[in-house]
Amino acid sequence: MTLLIIAYLGGVLTILSPCILPILPFVFARAGEPFVKSTLPMLVGMAATFALVATLAAVGGSWAIRANEYGRLAAIVLLALFGASLLSPRFASTLARPIVDLGNNLLNASGGGRAAPTVRSALILGVATGLLWAPCAGPILGLVLTGAALQGANLQTTVLLIAYAAGAATSLAVALLVGAKIFAAMKRSLGLGDRIRQAVGAAVLAGVAVIALGLDTSLLARLSYASTTSLEQAVLDRLHAKPVGGTPSEVVSNDAIIPAADDTKPFRSDLPVEGYAPSFDGAVEWLNSKPLTKEQLRGKVVLVDFWTYSCINCIRTIPYVRAWAEKYADQGLVVIGVHAPEFAFEKKIDNVKEAVGDFQIGYPVAIDNDYKIWRAFENSYWPAAYLIDAKGQIRYHHFGEGNYGRTETAIQDLLREAGSQMAETPPVAPDARGVEAGPDLANIRSGETYLGYGQAANFISPEGLQADAPQSYSVTKPGINAWGLSGTWTVGKEQATLDQPGGGITYHFSARDLHLVLGSGAGAGPIRFQVKIDGKAPGPDHGSDIDADGNGTVTETRLYQLVRQSGTVAPRTFEIRFLDPGVQAYAFTFG
């Protein structure tokens, strides 16, 4: 129920995001029409179609992506006809008879014809709008889509997507009620009914053009990258936690050690009890330790860190988790890393073992390939930290990077509560370098971008994304936060695989750091590549996995740091060209 509420509120907040702009003309064409027979069916059609399309995206497969492409094309044609009908009611009479009927239906839906608007015509318009609606994936929609990625298409995913779409429909309905009054007043006072209808028609055609050109997922995604993120995160922080008493542990803000008020009484932390911790029985294997049970951990303070080894946010958290494990081991802290894979290659235990060695992780790691521990904790994030007290109760959690001082204070509190007599010490300050260094949050204007068709966005190669089939791609200079392929690639659900040498990827980004998750296909050896920034060798702006000339080699499947701007951070055009075939590219991340 909590997730349903979160999804619904996330949809309500979309009205504040610029990503809603392209479909507003289609929606506001309903202003002034009967709500039950016109507005409501249109919003229902939009919400239901969006939920269906998004559910199909979780299924994956070439048939799903092609069906979506054909549906979008049909919707663009249909809505263009709708806009033209608004501009000129005589337009429909110049078309063939079947098109005339369709045009009349759409014209009736707009109220521009003589017939009364029908439920059917409004529903058709809503379906077309739902096919074209691509809301920005903020924290809440990202939560829903992450669940779909982990569990595939199922009833729960569809219900959550319907709740999200229903929230958006609710806020749009409220906006329509207000807009209807404004339009009615303008018609009465100015006598400009025809002009208003024509202006709406022009806006509809403009919206169709914006979506057809892909500007709805490039320019508007950039404008709205941080517009509702803080509001959505506040909703998640408010509703996701389930404390038994007190306030959620995220609101603890004092980074200093809290001493006992009375030395004669045992210290008692004011961290709330959020429930009893589940077991770790779902792990398929343990690294650095034998399997640990709840009974073995009783009396210890346990820090559970959910991570996956190619996640940049997880990588930047590891130095702190590692430092806490070393600093507080003698005080009774046990750190357990729960490795829950995001990509298929992260399910290979040998890959995880290599990553554990590379990151110098010495604490126990539970391999959660089946997401049983993930689900037992009702977790939805990478990274995520949960603190369990000596009685086996969850007392604190934190999602994402940052707030390290707050988390360390919570660790100290629970250790003191368990009887530790530790002296006050400053918080850890690990010497994180390279890819482990913290992000430059003030200058990040680009978000995580997947190259597999399952979650790809902002793709601008003119050939279009072809699923599960070799395709020769080309790319010109992309706009900000857009990317494209060059050469012959086969794009799968999770990754793009280069079929012939010489192919490349171009991305126009804005951030200090650029990372790319790369690997090699079966039978492929080391894969050489060269990076250019704005058409030149990176020089001092090279990342830790390439040299100043931009040369590097893919030797294993992991995250590679390819750019770290050394001076003023500015939008740059990144290009990578692979000299050997067989590379697999998964996702861009930024810092």
Side-chain angles (χ1 to χ4, degrees), residues 218 221-222 225-226 309-319 358 401 432-451 456-460 475-487 495-496 498 503-520 526-579 583-591:
S218 56
R222 175 169 60 94
Y225 180 70
Y309 79 81
S310 74
C311 163
I312 182 60
N313 310 91
C314 302
I315 292 171
R316 291 193 289 242
T317 302
I318 286 173
D358 290 342
E401 298 179 67
R433 299 182 182 182
V435 73
E436 292 186 354
D440 182 7
L441 296 176
N443 288 301
I444 294 180
R445 298 292 182 272
S446 297
E448 187 171 23
T449 302
Y450 293 88
L451 278 65
N458 300 342
F459 181 72
I460 51 87
V475 62
T476 56
K477 186 176 181 179
I480 191 71
N481 290 334
W483 64 283
L485 300 172
S486 60
Q495 79 285 334
L498 180 63
I505 309 171
T506 302
Y507 194 120
H508 192 48
F509 75 102
S510 183
R512 184 194 66 189
D513 303 337
L514 178 146
H515 313 96
L516 182 56
V517 178
L518 297 169
S520 57
I527 298 171
R528 299 165 297 157
F529 63 84
Q530 187 171 50
V531 168
K532 291 185 178 180
I533 302 176
D534 295 335
K536 302 176 182 178
D541 293 331
H542 71 90
S544 59
D545 287 304
I546 62 174
D547 60 24
D549 293 325
N551 299 310
T553 304
V554 177
T555 57
E556 58 185 317
T557 305
R558 62 176 176 86
L559 182 143
Y560 290 78
Q561 185 185 76
L562 303 178
V563 177
R564 167 157 287 180
Q565 297 194 55
S566 58
T568 301
V569 176
R572 311 290 291 272
T573 298
F574 164 85
E575 300 171 78
I576 183 170
R577 185 169 67 93
F578 299 96
L579 307 182
V583 73
Q584 294 181 327
Y586 290 84
F588 284 97
T589 57
F590 303 89

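Remember, predicted model here, so these are calculated numbers, not experimental data.
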Check step by step if side-chain contact (heavy atoms from CB on, under 4.5 Å) holds for Ile480 and Arg445. CA-CA 9 Å; Ile480 191 71; Arg445 298 292 182 272; over 6 Å; no
Give me the atom names and distance for the closest heavy-atom approach of Leu451 to Phe588. CD1-CD1, 3.5 Å
Distance from Asn551 atom CG to Gln530 atom CD, nearest 0.5 Å? 5.0 Å
Show the nearest heavy-atom pair for residues Phe590 and Leu514, with the distance to one decimal. CE2-CD1, 3.7 Å
side-chain contact (heavy atoms from CB on, under 4.5 Å) partners of Asp440, counting only residues at least two apart: Ala442, Asn443, Arg512, Val569
Regarding Tyr586 and Ser310, do their side chains bring together a donor and an acceptor under 3.5 Å, going by distance alone? no
What distance do Cys311 atom SG and His515 atom NE2 have between them, rounded to the nearest 0.5 Å? 11.0 Å
Leu485 CG to Leu498 CG distance, which is reported to the nearest 0.5 Å: 9.0 Å
For Arg577, does the CZ atom sit with more than 12 other heavy atoms under 6.0 Å from it, leaving out its own atoms? no
Does the side-chain contact (heavy atoms from CB on, under 4.5 Å) test come out yes or no for Tyr309 and Ile315, once each step is laid out? CA-CA 7 Å; Tyr309 79 81; Ile315 292 171; over 6 Å; no
Non-hydrogen atoms of Ser486 and Val475 that approach each other most closely: CB-CG1, 4.0 Å
Taking atom CD of Gln565 and atom CD1 of Ile533, what is their separation to the nearest 0.5 Å? 7.0 Å
Tell me whether Glu401 contacts the main-chain N or O of Thr317 through its side chain, where contact means a donor paired with an acceptor under 3.5 Å. no
Side-chain (Glu436) to main-chain (Ile318) donor-acceptor, under 3.5 angstrom: no
Reported OG1-to-CZ distance for the pair Thr589 and Arg316, which is rounded to 0.5 angstrom: 7.0 Å
Given 3.5 Å as the limit, does a donor-acceptor pair link the side chain of His508 with the main chain of Arg572, or not? yes
Just verifying a value: how many Å separate Lys477 NZ and Asp534 CG, rounded to the nearest 0.5 Å? 7.5 Å
Taking the basic N atoms (NZ, or NE/NH1/NH2) and the acidic carboxylate oxygens, is any pair closer than 4.0 Å for Arg558 and Asp545? yes
Checking Asp513 side chain against Arg564 main chain: does a donor-acceptor pair fall under 3.5 Å? no
Is there side-chain contact between Ile546 and Tyr560, with at least one heavy-atom pair below 4.5 Å? no
Closest approach of Ala570 and Ser510, non-hydrogen atoms and distance? C-OG, 4.4 Å
All heavy atoms of Ser446 vs all of Ile444, minimum pair found to be O-CG2, 3.3 Å
Do the rings of Phe509 and Phe574 sit parallel, tilted or perpendicular, given the 30° and 60° boundaries? perpendicular
For Trp483 and Ala456 the tightest heavy-atom approach is CZ2-CB, 4.3 Å
So, do Leu516 and Tyr507 sit near enough that their side-chain heavy atoms are less than 4.5 Å apart? no
